[in-house]
Amino acid sequence: MDDIKIWPPTRVRIFMMMTSAAVIVYSQRVNISIALDSDRGMAKELNWDDHSKGHILSSFLFGYAVMNICGGYLASAYGAHRVALTAVCGSSVMSALTPIVAKHLGVWGTIVVRFCCGLAQGSFFPSSFQLVAEWMPHAERGTAASVVSAGGTLGTVLTWALCPLVIKSAMAWPATFYLPAGLGLLWTPLWYVYGATRPELCTSIHPSELAYIKQHRRYQHDPNSGAGKPGCPTVSNDSTIASSIQGNTVSNAPSLVDELDVPAKRTAQHTTAGLGRIFSSIAFYSALMESLCTQYGFYVLLTFMPQYMEYQLHCSLQITGLLSVVPNVIDLIGKLVAGYLGDTMISSWGVATYTTRKVMSAIAMLVPAVTLALVPHTRSPAVAALLFSLCMGANAFGIAGLDMVFPDLFAEYTGFTYGVSNGLGAVGGALGPITVGQLTGNAGCNESAANSTVVQPATTTRCTAAWEVVFYAAAATYAFGGLQFLIFGGMDPVYNTQRQDRRRSRRKSRAPHGHHGATGPPMTPGSIDASEQRPLLPPL
């Protein structure tokens, strides 16, 4: 952050506010799981059975999945500032209404209000990733995204730790909804005053920081090619745009950075061109497939790890409860490490952006594939816990891999593309628990574990075989998603341009000093002539 004149810079303050919002919305998301199942919780007080609890818990996910796509489009088209504001405010209002509706309207009223809460929260993370694309220089995006995502994990850990204490207090279970709702409603006016969709619209940003963001916000050439370095021209300041596919220059067209100076609402022609650009990218479909695969495996692990440890490995409830918290802590640490490491690879080590994304995605997909495949082969709870923790920690590296593909390739439509990916991932996350429930339920695993005085060898064998299928399927899904992204994840004009720039830069760095003739300066490694710059891609 060599642009800093005032500390902390405005972009850091923006993302500290988004991180605090992530803590709040996740506490509003997971609090009902604790409030329902507690001994003094709402299900016992209101006489709700397991069937009703299942409908209430799933209603949030349906609303969340639907609004990811719609909210992502709204964030791209109308500005992430107002969409994030609406998301937190709407979720807070629904959270505050939950105890009232539950007591007066029963199960179906609670289902409706939780569905609306999911609708509100569905647009939060797409809008946060849109802000990453608009506010953060290219080499700082991974860190910013990982910090916001880690805020959600922190909110989960804090909620699981504090909600039982709140329920046992005089405030009882309704306070688990009122407290995070109050924090969200307090955050909303602060974000309205101090937040902004783009740095160009922020009145408090220092001019030097604004200039720095505009210069480094769009990645057009690899750092090794010299773009953005002192004395080297940058494509983002060029006034011409060319199609990287056709190779023809389009004159009198605005640059990508200039595009951000127009109102956020796009014209119909602009939107059609942008969507055509998105849906013609092979890398986009590869990223969607990876999102589907990683969410399937992740939710299988998150949902059924305690059940496997308790029923198959016969761990105590205390150990099982501890394992419900430890993976989230590992996930939080992994996200912070991955975001910083990914940015360091690009900015300090000179690794190409597309290579960084693939390396991080390979860690996030292939390491979990190996660890989950090994789980059925151990009967030691300690070894199984180690494998689960490695899986969670490696999975977190996707924040600097898959999640950063969207701001890399579709900057102005980051919210929309990430929303599509996250919505499809939610479908994969829903399929995982359904599949596992069918496999273990048909094998009678839960019933045999509950009656520990009578052990049927045939049932035990069926349970072991069922869990093997569960983990092998999750491992295969992870492996397929990771391998296909390694093959197809770089097939996009933006990444193709970067590869060509790096090849040309390496050839010129190896050329003799007289390569440019007597009148031209010697070519130094990493530099690139303005006359040979690759023109910009067409705007979205």
Side-chain angles (χ1 to χ4, degrees), residues 15 18-27 29-31 33-34 61 64 121 124-125 128-129 142-163 290-291 293-309 319-343 360-372 375 384-404 418 421-422 425-426 428-429 432-433 471 474-475 477-478 481-482:
F15 278 91
M18 290 301 293
T19 302
S20 63
V23 174
I24 294 170
V25 296
Y26 254 79
S27 67
R29 176 176 180 172
V30 304
N31 57 0
S33 299
I34 304 170
L61 293 176
Y64 185 81
Q121 287 197 24
F124 176 77
F125 277 102
S128 68
F129 273 79
T143 301
S146 67
V147 169
V148 175
S149 183
T153 306
L154 179 61
T156 300
V157 173
L158 291 177
T159 303
W160 281 351
L162 297 178
C163 271
E290 182 179 351
S291 179
C293 293
T294 190
Q295 292 298 323
Y296 174 90
F298 178 76
Y299 275 96
V300 166
L301 173 65
L302 196 64
T303 305
F304 292 97
M305 177 189 62
Q307 180 177 322
Y308 179 78
M309 297 291 289
I319 297 297
T320 303
L322 178 62
L323 289 173
S324 298
V325 176
V326 170
N328 284 278
V329 176
I330 299 296
D331 180 59
L332 188 152
I333 297 173
K335 287 176 179 177
L336 297 177
V337 171
Y340 177 78
L341 180 60
D343 287 347
M360 292 298 177
S361 291
I363 295 173
M365 301 298 286
L366 300 184
V367 173
V370 174
T371 56
L372 289 180
V375 167
L386 175 62
L387 292 173
F388 286 140
S389 298
L390 287 174
C391 182
M392 290 290 287
N395 188 88
F397 276 66
I399 193 68
L402 167 68
D403 291 345
M404 288 296 98
Y418 180 81
S421 172
N422 211 27
F471 287 114
T477 303
Y478 264 119

Side chains of [X] and [Y]: does their closest heavy-atom pair fall under 4.5 Å?
| X | Y | result |
| --- | --- | --- |
| C391 | L372 | yes |
| V148 | F125 | yes |
| Y308 | V375 | yes |
| F129 | M404 | yes |
| V329 | I333 | yes |

Judged by atom type as modelled, is there a donor-acceptor pair below 3.5 Å linking the side chain of [X] to the main-chain atoms of [Y]?
| X | Y | answer |
| --- | --- | --- |
| S361 | L402 | yes |
| S421 | S291 | no |
| S149 | S146 | no |

Return the minimal non-hydrogen interatomic distance between [X] and [Y], and the atom names on each side.
| X | Y | answer |
| --- | --- | --- |
| A364 | G398 | CB-N, 3.3 Å |
| A474 | G297 | CB-CA, 4.5 Å |
| I34 | T159 | CD1-O, 3.5 Å |
| A400 | G342 | CB-CA, 4.4 Å |
| C163 | N31 | SG-CB, 4.1 Å |

Atom pair [atom1] ([X]) and [atom2] ([Y]), whose distance is rounded to the nearest 0.5 Å:
| X | Y | atom1 | atom2 | value |
| --- | --- | --- | --- | --- |
| F397 | D331 | CZ | CG | 11.0 Å |
| L341 | I363 | CG | CD1 | 7.0 Å |
| R29 | Q121 | CZ | CD | 7.0 Å |
| D403 | Y418 | CG | OH | 5.0 Å |
| L336 | I399 | CG | CD1 | 10.0 Å |
| Q295 | N395 | CD | CG | 7.5 Å |

Ring geometry between F471 and F388 (parallel below 30°, tilted from 30 to 60°, perpendicular above 60°):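 Tilted, since the angle between the ring planes falls between 30° and 60°.
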Derivation of the side chain to side chain contact (heavy atoms under 4.5 Å, CB included) call for Y26 and L154: CA-CA 8 Å; Y26 254 79; L154 179 61; over 6 Å; no
Ring pair (Phe, Tyr, Trp, His ring centres under 6.0 Å) partners of Y478, counting only residues at least two apart: none
All side-chain contact (heavy atoms from CB on, under 4.5 Å) counterparts of A21, not counting sequence neighbours: V88, F124, W187
Donor-acceptor pair between N328 and T156 side chains, under 3.5 angstrom: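 No, no side-chain donor-acceptor contact under 3.5 Å.
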